There are 2 protein chains.
Amino acid sequence: MARESTPNSTPQIKAQLIEAQDRFIASWGRMGSVWGISRTMAEVHALLYITGVPMCTDEIMDRLRVSRGNVSMSVRSLLEWAVIEKVRLPGDRKEYFQAEQDVWSMLRAIARERIKREVDPLLGALDEIGELSPQIGSNSPEDVIALHHRLDEVREGFGLITTLTHKFAGPRGAGLQTAAKLLAKAPVGRPTKRHKATESKRNPRRGSRS
Amino acid sequence: MARESTPNSTPQIKAQLIEAQDRFIASWGRMGSVWGISRTMAEVHALLYITGVPMCTDEIMDRLRVSRGNVSMSVRSLLEWAVIEKVRLPGDRKEYFQAEQDVWSMLRAIARERIKREVDPLLGALDEIGELSPQIGSNSPEDVIALHHRLDEVREGFGLITTLTHKFAGPRGAGLQTAAKLLAKAPVGRPTKRHKATESKRNPRRGSRS
DNA sequence: ATGAGATTTCAGAAAAATCTGAAAATAGAA
DNA sequence: TTCTATTTTCAGATTTTTCTGAAATCTCAT
């Protein structure tokens with residue numbers, strides 16, 4: 001039950017531990033920016049996850065060397081993502097935060113959020129565009145038909161992805177993990193015969209320029 | 001075979017068509033920034049995909065209103081992603097570009113690239129961190145054990161994801177589509193019983209504060 | 001209610017990403 | 001090879017995102 005420190009902890013080991021944590025935090029933070037979340041937000045999450053210790057705003061500020069405002073906003077987003085939660089310690093007025101400790105729940109949260117922010121808006125836009133574009137009649141010009149065809153394909157592809165995400169990446173449940181294991185065993189589909197340029201046979205350039 | 005224009009195309013319809021294309025391009029471009037690729041790169045791809053027409057640098061510049069340098073760099077990235085390809089028209093010195101027309105191939109490319117840029121570096125870092133951190137002995141302090149445990153969990157989770165991606169998102173083949181359909185049918189896993197705070201029983205704060 | 005401590009907000013500062021434009025490099029035709 | 005259309009490169013400009021810090025707001029024990 002860890003008191004002043006943990007058993008057997010030499011200062012030497014403690015330093016290595018912190019070094020390792022910092023490296024993890026840095027890597028996770030770097031990824032964060034690639035995921036479209038701020039570096040700090042990712043770092044706060046990494047810190048809470050890798051240490052497993054609930055921390056308050058000041059502790060996070062000190063450890064990551066970032067401003068109070070930044071921590072406040074990052075924490076709020078993480079709470080929305082549901083990958084950390086508030087903890088109150090009796091007799092302490094501060095709020096502490098602790099990370100969800102199950103990796104899969106974390107991965108599900110990431111998947112969910114990304115779909116929400118990336119795919120849903122696209123699907124919405126696709127619907128609007130479909131309505132707005134010239135409707136298909138008995139003898140529409142071929143480029144109008146092609147447009148609808150492509151819009152439909154994109155909608156179908158991303159639609160399927162959204163459905164799957166809702167199915168497997170709910171905030172609770174072993175969905176993602178199940179899916180992953182299922183797929184790991186499944187045989188992979190045979191390559192399709194290459195059909196480049198499904199649409200533009202030969203080269204449909206020339207004309208239809210301006 | 002479309003000559004001066006397409007059959008039945010009134011100027012009215014043509015305008016609507018272009019309007020719809022532009023909206024698609026704009027949406028795709030917006031998504032691009034969320035995917036960590038530049039807006040222009042996404043727009044170039046959208047333009048080539050939605051029109052289906054091979055275009056040269058100047059045509060892309062004119063349609064998207066961006067600089068030559070920007071188009072050049074975007075096109076290069078798209079070629080690396082393998083979602084567009086070069087086309088040469090005999091008797092024309094310019095290079096034309098045309099988009100892969102199969103949505104799934106496009107989705108696979110996106111998945112592949114994201115894994116390469118986001119997950120692979122993380123896995124590399126995790127290995128390094130594992131070596132660098134205090135090694136586990138017969139009676140290591142509990143926080144060192146916990147660190148290794150968490151590093152392993154993360155590595156395992158993302159490792160599985162990488163494996164799946166390599167399996168299902170190769171540049172050829174119907175892998176992703178197969179996987180998606182497979183999953184769409186599969187029964188979803190039963191929710192796990194909630195086990196919050198797996199790690200920190202009670203509240204392991206106090207002490208170990210430094 | 002009061003007030004000390006804690007959190008949120010947000011305008012402006014700082015940093016990062018993206019884009020431009022023109023010079024340099026390249027590549028095809030003759 | 002030479003000439004020229006085309007492409008690439010990259011320093012600096014622009015735009016976007018993120019961060020800071022302090023004032024405003026909130027909240028809870030008394």
Side-chain angles (χ1 to χ4, degrees), chain A residues 25-26 28-48 54-81 84-98 113 117-118 205, chain B residues 25-26 28-48 54-81 84-98 113 117-118 205:
Chain A
I25 292 167
W28 202 254
R30 213 167 296 124
M31 289 244 309
S33 49
V34 181
W35 296 349
I37 70 181
S38 88
R39 204 190 79 245
T40 304
M41 178 176 161
E43 287 184 349
V44 171
H45 178 239
L47 172 61
L48 296 176
M55 293 188 188
C56 66
T57 305
D58 291 271
E59 290 171 314
I60 298 172
M61 286 170 63
D62 292 349
R63 178 79 185 253
L64 300 182
R65 308 307 212 80
V66 294
S67 73
R68 185 174 301 283
N70 201 354
V71 169
S72 174
M73 289 163 107
S74 297
V75 155
R76 171 164 61 211
S77 304
L78 290 169
L79 287 170
E80 278 166 18
W81 279 47
I84 70 172
E85 57 186 6
K86 270 188 202 171
V87 185
R88 309 219 52 138
L89 304 190
D92 191 335
R93 205 140 140 194
K94 294 197 202 65
E95 291 177 326
Y96 290 78
F97 304 97
Q98 112 184 323
E113 281 300 320
R117 299 192 337 174
E118 304 173 16
R205 315 208 79 266
Chain B
I25 293 167
W28 201 255
R30 212 166 297 122
M31 290 243 310
S33 50
V34 181
W35 297 348
I37 71 182
S38 89
R39 204 191 78 245
T40 303
M41 178 175 161
E43 287 184 348
V44 171
H45 178 239
L47 172 61
L48 296 177
M55 292 187 188
C56 67
T57 306
D58 291 270
E59 290 170 314
I60 298 172
M61 286 170 63
D62 292 349
R63 177 80 185 252
L64 301 181
R65 309 305 211 79
V66 295
S67 73
R68 186 174 301 284
N70 201 355
V71 170
S72 174
M73 288 162 108
S74 298
V75 155
R76 170 165 61 213
S77 305
L78 290 169
L79 287 169
E80 277 167 19
W81 280 47
I84 69 173
E85 58 186 5
K86 268 188 203 171
V87 184
R88 307 218 53 134
L89 304 190
D92 191 335
R93 207 143 138 189
K94 293 197 203 64
E95 291 177 326
Y96 289 77
F97 304 96
Q98 111 185 323
E113 280 301 318
R117 301 190 337 173
E118 304 173 16
R205 315 206 79 267

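The sequence lines fix the lettering, A, B, ..., with proteins before strands; numbering per chain opens at 1. Small disclaimer: the values here were computed from a predicted structure and weren't measured.
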- Item | Step-by-step side-chain contact (heavy atoms from CB on, under 4.5 Å) determination, A:K94 to A:T57 | CA-CA 8 Å; A:K94 294 197 202 65; A:T57 305; over 6 Å; no
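Straight-line distance from the CD atom of A:E95 to the C1' atom of D:dT27: 10 Å, rounded to whole Å. Atom CZ of A:R117 is separated from atom P of D:dT17 by 11 Å (rounded to the nearest Å). Note: CE (B:M73) to C1' (D:dA11) measures 11 Å, nearest angstrom. Rounded to an integer number of Å, the gap from B:M61 CE to C:dC19 P is 14 Å. Rounded to an integer number of Å, the gap from A:L79 CG to C:dT8 C1' is 13 Å. Here D:dT6 presents its P atom at 17 Å from CE of B:M55, a figure rounded to the nearest Å. One can place CG of B:D92 at 14 Å from C1' of D:dT7, the figure rounded to the nearest angstrom. What separates CD1 of A:I60 from P of D:dT20 is a distance of 14 Å, to the nearest Å.
Of the side-chain N and O atoms in B:R39, one or more sit less than 4.0 angstrom from OP1 or OP2 of C:dC19. At the phosphate of D:dT9, neither OP1 nor OP2 sits under 4.0 Å from any side-chain N or O atom of B:S72. A close approach under 4.0 Å does not occur between any side-chain nitrogen or oxygen of B:S38 and OP1 or OP2 of C:dA17. Residue B:S67 places no side-chain N or O under 4.0 Å from the OP1 or OP2 atom of C:dG21. Under 4.0 angstrom from either OP1 or OP2 of D:dT6 there lies no side-chain N or O belonging to B:T57. The phosphate of D:dT7 (OP1 or OP2) has no side-chain N or O of B:R76 nearer than 4.0 angstrom.
For B:R39 (side chain) and B:M31 (main-chain N/O), no donor-acceptor pair under 3.5 Å exists by modelled atom type. Checked by atom type and distance alone, the side chain of A:S72 never pairs as donor or acceptor with a backbone atom of A:R68 at under 3.5 Å.
Comparing A:V75 and B:G69 against DNA chain C, the residue whose closest nucleotide sits nearer the 5' end is A:V75. Nucleotides of DNA chain C nearest to A:N70 and B:R88 differ in position, and the one nearer the 5' end is that of A:N70.
At a cut-off of 3.5 angstrom, the base of C:dA4 holds at least one donor-acceptor pair with the side chain of A:R93.
Shown are B:E85, B:K86, B:H45; of these, the side-chain contact (heavy atoms from CB on, under 4.5 Å) with B:F97 is made only by B:K86.
Rounding to the nearest 0.5 Å gives a distance of 10.5 Å between CD1 of B:I60 and OH of B:Y96.
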